[in-house]
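Notes for the one structure printed next.
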Number of protein chains: 2
Amino acid sequence: MEFDLINCYFAPLGLSQSSEQAALDGTDIGIGDDGAVLSVPAGKQLVVVTDTLVSGVHFPENTCAYDVAWKALAVNLSDLAAMAATPFAYSLGLSLPTECATNQDWMADFALGFADLVASTGLSIALIGGDTTRSKVLTLTVSAKGWVDYGQAILRSGAQEGDYIVVSGVLGEGALGLQVALHQIPMGLSAQQKQAALDYLNRPQPQLLLGELLSGVAHSAIDISDGLLQDLGHILKSSNKKQRLLGETKVLGAHIELDRLPLSAGMQALFAENENWAWPLSGGDDYQLCFTISAEALAPLLAVAQQNTIPLSVIGQINDRGKIEASLRGQPFALDAMLAGFQHF
Amino acid sequence: MEFDLINCYFAPLGLSQSSEQAALDGTDIGIGDDGAVLSVPAGKQLVVVTDTLVSGVHFPENTCAYDVAWKALAVNLSDLAAMAATPFAYSLGLSLPTECATNQDWMADFALGFADLVASTGLSIALIGGDTTRSKVLTLTVSAKGWVDYGQAILRSGAQEGDYIVVSGVLGEGALGLQVALHQIPMGLSAQQKQAALDYLNRPQPQLLLGELLSGVAHSAIDISDGLLQDLGHILKSSNKKQRLLGETKVLGAHIELDRLPLSAGMQALFAENENWAWPLSGGDDYQLCFTISAEALAPLLAVAQQNTIPLSVIGQINDRGKIEASLRGQPFALDAMLAGFQHF
């Protein structure tokens, strides 16, 4: 069974040459042997990211196969984008219920989700292997591989006092899309706004071009998968750990201006009724980049991002006050409830 | 929750430096950022293997946490051994039932399984990242990474007419261990033999040293995870595909002498009652290496293997007859039933 699935649906996602032709030509080997054999470009470091998605936990059980595949790979590519790495390969550990594995439409749709996402990046990103098994619960582990110029990966730990905090796209839209998918937002959004939120949830767009533009420019970066506050918290925690190793005694914090948070048209419509800041601050599944950058580097970056039609919002600044604070319309805004449980910088 | 699991149980399995210290020192980065950043030794190729294990499918549901972890990593290292690659890292996609994630004994036992296996190899093999999620079904995807000297990976496709077929260890013992685990072999085996079979099933020993010895020596290799006949079939299928690309018209086959198959003491005890060749020929979960090697290279390899106390058995030879045939006590032995469904070389 597994061999049939591989030959029919997964081999076309792999390297263009068979492993046997590659053996003759001395080129890279993908699917078809005990493992993949990949040549390493000179001067590059390998970046490896891994994400697991479980049906009913990370996506609603009724999510279509296309969207499941798209999302599983996209969240990995988003991690690579956050490190300024260029993806070139991914492997797939796939546990499939029998009703999926034996449904040709489902399998073809699943493979198409990977193919279309890869095509949308304009890059060559090959499926290089994996394992397909049966399980009652649809579970996917994608491990994506990228290259980065030696020493040029953008890390969480590089934030510095005075850095501007910048995010791409809009925030909270993934959480909004989940509510739409679960039919928990019956009113207040137009059909178009609902569809936009659903697309945002199901087909995240990894910010690979932005990651490339940030290389050598941003001080720190992360992709927003757990919500802005939590992921900005990861940057602060890691950057403070590095500061302590350097003997610094000050503790970095952040101030964000809620008025500057980028909100979709749908979110703005909801906010007209009820300003629920938990959406853009703590909603998960956004897969935008949050990064910090020096004042000097900010203006040139904003210019080149605009040329590339990448929406960026400057939402705040890194300071030395050791916590995340917010303001709204010039007044302090209490984040305590939303920060509970993870404010340990 | 996930962060606690990582800090408590998984970080000690990673690189010795924190990601922040590594950022300062410019060394490799493991757990603690969006992805791992790994330096690539000059002249090496990267080998990536991936295996998924599902509770109740790949191991009995009552398997202890230690054995689950050991096996999940061991089957990956076995794939690397079959390609003569030296493992250096692995990532883990882990879907955990709540009763495991919240059980400190279970989690500690699980982490120890990884640590002990790595220690037994004598190599530095670091957990470099992954993802921990909740699921009703315990599911693990391990993706292990190894290095191989450029162009030196041993592939399935290199078998040649006249090659000897060699296997390590004993065959069928994994399948026997599964029967013991499921309490389906109540008689005929001593307690010691039962335990040996269980250990063989639960704690496979990846043949890394043997893989190293085969580098530049064996023509083809595979690890026996699906049973000897099926895995030898993979070698023939891949080697014939390569032969066709070279314009060769002959079709490789194999002849194996059943008398030469290595059997454990427990299997020999069962065979004294009933010679069921399906065990060593089609039993899964053996994780021994099957390789083919020229007549000239065989004797020196057997000598060096003996020096290293690696048990090897020469079980047959590659020919040009296009199928797998067997003999027993000098007479032809029909494999048709066991080969049904996958004899397409």
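Fair warning: this is a prediction, and the values are worked out from it, not measured in the lab. Reminder, nothing fancy here: chain letters follow the sequence lines and each chain counts from 1.
Within the 3.5 Å criterion, the main-chain N or O of Gly35(A) finds no donor-acceptor partner in the side chain of Asp79(B).
Using a 4.5 Å heavy-atom threshold, the side chains of Arg134(A) and Val54(B) count as separate. Within the 4.5 Å cutoff, the side chain of Thr52(B) has no heavy atoms near those of the Thr141(A) side chain.
Of all heavy-atom pairs between Ser39(B) and Tyr150(A), the closest is OG-OH, 3.1 Å.
The structure places CG of Leu245(A) at 5.0 Å from CD of Gln21(B), a figure rounded to the nearest 0.5 Å. A distance of 4.0 Å separates CD1 in Ile29(B) from CG in Leu155(A), rounded to the nearest 0.5 Å. To the nearest 0.5 Å, atom CG of residue Asn240(B) and atom CD of residue Glu20(A) are 10.0 Å apart. Atoms NZ and CG, on Lys44(B) and Leu38(A) in that order, are 15.5 Å from each other to the nearest 0.5 Å. A distance of 8.0 Å separates CG in Asp231(A) from CG in Asp34(B), rounded to the nearest 0.5 Å.
Only the side chain of Ser18(A) comes within less than 4.5 Å of a heavy atom in chain B; its backbone stays farther off. Of the atoms belonging to Ser95(A), it is side-chain heavy atoms, and not backbone ones, that fall under 4.5 Å from chain B. Within the 4.5 angstrom heavy-atom criterion, only side-chain atoms of Asp28(B), from C-beta onward, approach chain A. Only the backbone of Ala221(A) comes within contact range of chain B, with at least one heavy atom under 4.5 Å from a heavy atom of that chain. Interface remark: Val37(B) contributes backbone and side-chain atoms alike to the contact with chain A (heavy atom separation under 4.5 Å).
With respect to Asp33(A), the salt bridge (Lys or Arg N to Asp or Glu O under 4.0 Å) criterion is satisfied by exactly one of Lys241(B), Lys237(B), Arg156(B): Arg156(B). Checked options Val49(B), Val48(B), Thr50(B); the residue passing with Ile128(A) is Val48(B) (criterion: side-chain contact (heavy atoms from CB on, under 4.5 Å)).
Ranked by heavy-atom pairs shorter than 4.5 Å toward chain A, the options Leu94(B), Leu92(B), Asp223(B), Leu80(B) are led by Asp223(B). When the candidates Thr139(B), Ile154(B), Val57(B), Asp51(B) are compared by the number of heavy-atom contacts under 4.5 Å with chain A, Asp51(B) comes out ahead. Of the residues considered (Ser135(B), Ser239(B), Ala153(B)), Ser135(B) shows the highest number of contacts with chain A, using heavy-atom pairs under 4.5 Å.
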